[in-house]
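So that the names make sense, note that chain A is the first sequence line, chain B the second, and so on, each numbered from 1. All values below were derived from every heavy atom in this structure, side-chain atoms included, with hydrogens, water molecules and symmetry-related copies excluded.
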Amino acid sequence: MFALVDGNNFYVSCERVFRPSLIGRPVVVLSNNDGCAIARSNEAKALGIKMGAPWFQIRHFEESHGLVALSANFALYGDMSDRMMSLAAPLGHRQEIYSIDESFVDLSGIVGDLTRRGCIIRQRILKWIGIPCGIGMGATKTLAKLANHIAKTAERKPGSYPAAFAQVCNLIHLPASALDALLAATQVGDIWGVGRRIGAQLNDAGVHTALDLARLDPATVKRRWSVVLERTVRELQGTSCISLEHQAPAKLQIACTRSFGQAVLEHSVLQQAITEFASRAAQKLRIQNGNAAQVLTFIRTSPFRVQDTQYSRSTVVPLRRPCSDTRSITQAALAGLNAIYRPGYRYAKAGVMLLDIAPASYVQQELILEDSDVDVANVKADRLMETLDAINHRFGRGTVSLASSGQSNDVRAWGMKQERRTPGYTTDWEGLAVVRA
DNA sequence: TCTGGGGTCCTAGGACCC
DNA sequence: TCTGGGGTCCTAGGACCC
């Protein structure tokens, strides 16, 4: 038995905590570069604004409907997320943090009225940090996801589901006929694990509702689609196939990629960007105590600019030996850049990915053919990186960086556009809200 | 003019082995 | 004319998630 706790329109809700005047108004939070909408208030959804809608296509709502758009403030959302997660955890014995705004909670062994328990937790999160949540409960993770969908939809669109399921929806111990009715009222594409492509294929095959999907034979589904969809069918039928991951597994790959605020043509600017991405990725790698064996670098033009000649290439450079050293990783990434850079294109995006990651404690023994002491060099590198991370943690990101990363953010030719950024209310002393009497 | 970032898993097919 | 059988490993690409 699982619960899923999910913040409503999470990024928008975070902004509303500190700017209550946004409540009741259509609000969107924009992606990096103020590119497209990545969170929408209910009022914005009601205007028909879709997830991922480009800002330039929806900005006319500013004039006509008072739409407010904000640049994403991920430091703030991350901090609010930590607070929400710690308040959701007591719902059960174990919690899996699934994304910035969602956590699964294992409900096994919890006695008493689960629905009531959910309502108390929901109220507490709303009162203590101001974030409205939906809570869904079900026998499997997929059913808990569905319950959460029902909890939020019943609140947002009256009449879509019985009002009793709004906000907190508990499908555990629901009579089979009642569960079937809810499944029948749910589009198959709204089920967790059914995306656009599979959804369309299912519709073609006459499978339209979640109930249709739940009634398919798992073996047939596996043959015709995949084991992934088979698992979804079994989960809808009440057999748990996806377990709770209490401890986040170490990442297999780590990426740092960005679209540029404006098109980049020069090699030297790409070099600065790639240096920055490689440094950031290496730092993430050190946080999880890993070593990477390969570094992927990619650059590409904008596929949306059809008038431009397109160019998109990536390359993988193996490291001499697995490490998390910013200098070696950056060196490899820049070597990759040199291999794929071609002048004359309007580059819109670039990135660095670290591949083949293993715990730093796994050391491949090697036959030393060089006349140098590898162990001593490794210890020195580790201490240098520790110091680098400590300084940047204490004095702010980018205090110490490689010279090839160029100047600071405000003068970077490739820097992001963020014209509607709100203060770091909880993450920056300068951003603290001021109360006026 | 203007379109995000960061992940995972599965599968098919090719290369290669004996 | 007619060209085996069984296996592993790796990679690219597709699908999904938020």
Next item on the list: Let me have DNA chain B in dot-bracket notation, would you? Count Watson-Crick plus G-U wobble pairs, both distances under 3.5 Å, and use [ ] for pairs crossing earlier ones and | for inter-strand partners.
Entry: ....||||||||||||||
Checklist line | Selection: residues 323-353 of chain A, any non-hydrogen atom under 4.0 Å of DNA chain B | finding: A:Lys349
Notebook entry, point to check: With sequence neighbours left out, what residues match A:Glu230 under side-chain hydrogen bond (donor to acceptor under 3.5 Å, both in side chains)?
Noted result: A:Arg234
Checklist line | Residues touching DNA chain B, which here means a heavy atom under 4.0 Å, drawn from residues 290-311 of chain A | finding: A:Phe304, A:Arg305
Notebook entry, point to check: Is the count of non-hydrogen atoms from other residues, nucleotides or ligands lying under 6.0 Å from A:Lys45 atom NZ greater than 12?
Noted result: yes
Next item on the list: Please test A:Leu126 against A:Ile131 for side-chain contact (heavy atoms from CB on, under 4.5 Å), starting from the C-alpha separation and ending with a verdict.
Entry: CA-CA 5 Å; A:Leu126 186 61; A:Ile131 301 287; over 6 Å; no
Notebook entry, point to check: Would you call A:Asp389 and A:Arg397 a salt bridge, taking side-chain N to carboxylate O under 4.0 Å as the test?
Noted result: no
Note to self: For residues 246-267 of chain A, which residue pairs pass the side-chain hydrogen bond (donor to acceptor under 3.5 Å, both in side chains) check, not counting sequence neighbours?
What the structure shows: A:His267-A:Asn338
Note to self: Assess whether a salt bridge exists between A:Asp34 and A:Lys417, defined as any Lys/Arg side-chain N lying under 4.0 Å from an Asp/Glu carboxylate O.
What the structure shows: no
Margin query: Would you say CD of A:Glu43 has more than 12 non-hydrogen atoms from neighbouring residues, nucleotides or ligands within 6.0 angstrom?
Written below: yes
Notebook entry, point to check: Starting at CE of A:Met51 and ending at C1' of B:dG5, how long is that distance when rounded to a whole Å?
Noted result: 11 Å
Notebook entry, point to check: Among pairs that include at least one residue of residues 287-297 of chain A, which meet side-chain hydrogen bond (donor to acceptor under 3.5 Å, both in side chains), considering only residues two or more places apart or in two chains?
Noted result: A:Gln294-A:Asp356
Next item on the list: Rounded off to whole Å, could you give me the CD1-to-P distance for the A:Ile100 and B:dG7 pair?
Entry: 13 Å
Margin query: Does atom CD (A:Glu430) have a neighbourhood of more than 12 heavy atoms from anything else shown, all under 6.0 Å?
Written below: no
Item checked: 4.5 Å side-chain heavy-atom contact, A:Leu202 and A:Leu229 -> yes
Checklist line | More than 12 heavy atoms from other groups under 6.0 Å of CZ on A:Arg342 | finding: yes
Notebook entry, point to check: Can you name the closest pair of heavy atoms from A:Ala75 and A:Thr427 and give their distance?
Noted result: O-CG2, 3.5 Å
Next item on the list: Within residues 255-264 of chain A, find the residues that approach DNA chain B with a heavy atom at under 4.0 Å, and present them sorted by residue number.
Entry: A:Ala255, A:Cys256, A:Thr257, A:Arg258, A:Ser259
Next item on the list: Check A:Met85 against A:Ser103 and note the closest heavy-atom contact, atom names and distance.
Entry: SD-CB, 3.6 Å
Margin query: Looking only at the side chains, is there a donor atom on one of A:Asn203 and A:His208 sitting less than 3.5 Å from an acceptor on the other?
Written below: yes
Item checked: A:Gln310, CD atom: more than 12 neighbouring heavy atoms under 6.0 Å -> yes
Note to self: What is the separation between atom NZ on A:Lys251 and atom C1' on C:dC18, rounded to the nearest whole Å?
What the structure shows: 12 Å
Next item on the list: In whole angstrom, give the distance that lies between atom CG of A:Asn32 and atom C1' of B:dC2.
Entry: 15 Å
Checklist line | Sequence neighbours excluded, every pair satisfying side-chain hydrogen bond (donor to acceptor under 3.5 Å, both in side chains) that has a member inside residues 47-65 of chain A | finding: A:Glu62-A:Arg420
Next item on the list: Provide, to the nearest angstrom, the distance between the CG atom belonging to A:Asp356 and the P atom belonging to B:dG7.
Entry: 16 Å
Check: Which residues, if any, of residues 142-154 of chain A bring a heavy atom under 4.0 Å of DNA chain B?
Finding: none
Margin query: If I take atom CD1 in residue A:Ile38 and atom P in nucleotide B:dG5, what distance separates them, rounded to the nearest angstrom?
Written below: 10 Å
Checklist line | A:Ser31 side-chain proximity, nearest of B:dT3, B:dG4, C:dC18 | finding: B:dG4
Checklist line | Among C:dC18, B:dC2, B:dG4, the nucleotide that comes nearest once only the side chain of A:Asp101 is considered | finding: C:dC18
Margin query: Test side-chain contact (heavy atoms from CB on, under 4.5 Å) on A:Phe10 and A:Met80; report intermediate values, then the result.
Written below: CA-CA 9 Å; A:Phe10 185 65; A:Met80 294 297 285; 4.2 Å; yes
Margin query: Assess whether a salt bridge exists between A:Glu96 and A:Lys141, defined as any Lys/Arg side-chain N lying under 4.0 Å from an Asp/Glu carboxylate O.
Written below: yes
Notebook entry, point to check: Just checking A:Gln253: base, sugar-phosphate only, or nothing, at a heavy-atom cut-off of under 4.0 Å?
Noted result: base
Next item on the list: Check DNA chain B against residues 218-237 of chain A and give the residues with a non-hydrogen atom under 4.0 Å, in numerical order.
Entry: A:Val227, A:Val228, A:Arg231
Next item on the list: Pull out every residue in residues 184-209 of chain A that has a heavy atom closer than 4.0 Å to any atom of DNA chain C, ordered by number, or say none.
Entry: A:Ile191, A:Trp192, A:Gly193, A:Val194, A:Gly195, A:Arg196, A:Arg197, A:Ile198
Margin query: Please enumerate all residues that pass side-chain hydrogen bond (donor to acceptor under 3.5 Å, both in side chains) together with A:Ser243, with sequence neighbours excluded.
Written below: none
Notebook entry, point to check: Between B:dG6 atom C1' and A:Leu354 atom CG, what is the distance in whole Å?
Noted result: 13 Å
Check: Is a salt bridge present between A:Arg286 and A:Glu386, judged by a nitrogen-to-oxygen distance below 4.0 Å?
Finding: no
Next item on the list: Dump the intermediate steps for side-chain contact (heavy atoms from CB on, under 4.5 Å) on A:Leu107 and A:Leu91, then the final yes or no.
Entry: CA-CA 7 Å; A:Leu107 296 177; A:Leu91 194 52; 4.2 Å; yes
Check: Over how many whole Å does the gap from A:Ile49 atom CD1 to B:dT3 atom P extend?
Finding: 18 Å
Notebook entry, point to check: Between A:Glu235 and A:Arg231, is there a salt bridge with N-O shorter than 4.0 Å?
Noted result: no
Check: Is A:Leu252 touching bases, backbone alone, or none of the nucleic acid, heavy atoms closer than 4.0 Å?
Finding: sugar-phosphate
Next item on the list: Specify the residue among A:Ile254 and A:Asp34 whose closest nucleotide of DNA chain B lies further upstream toward the 5′ end.
Entry: A:Asp34
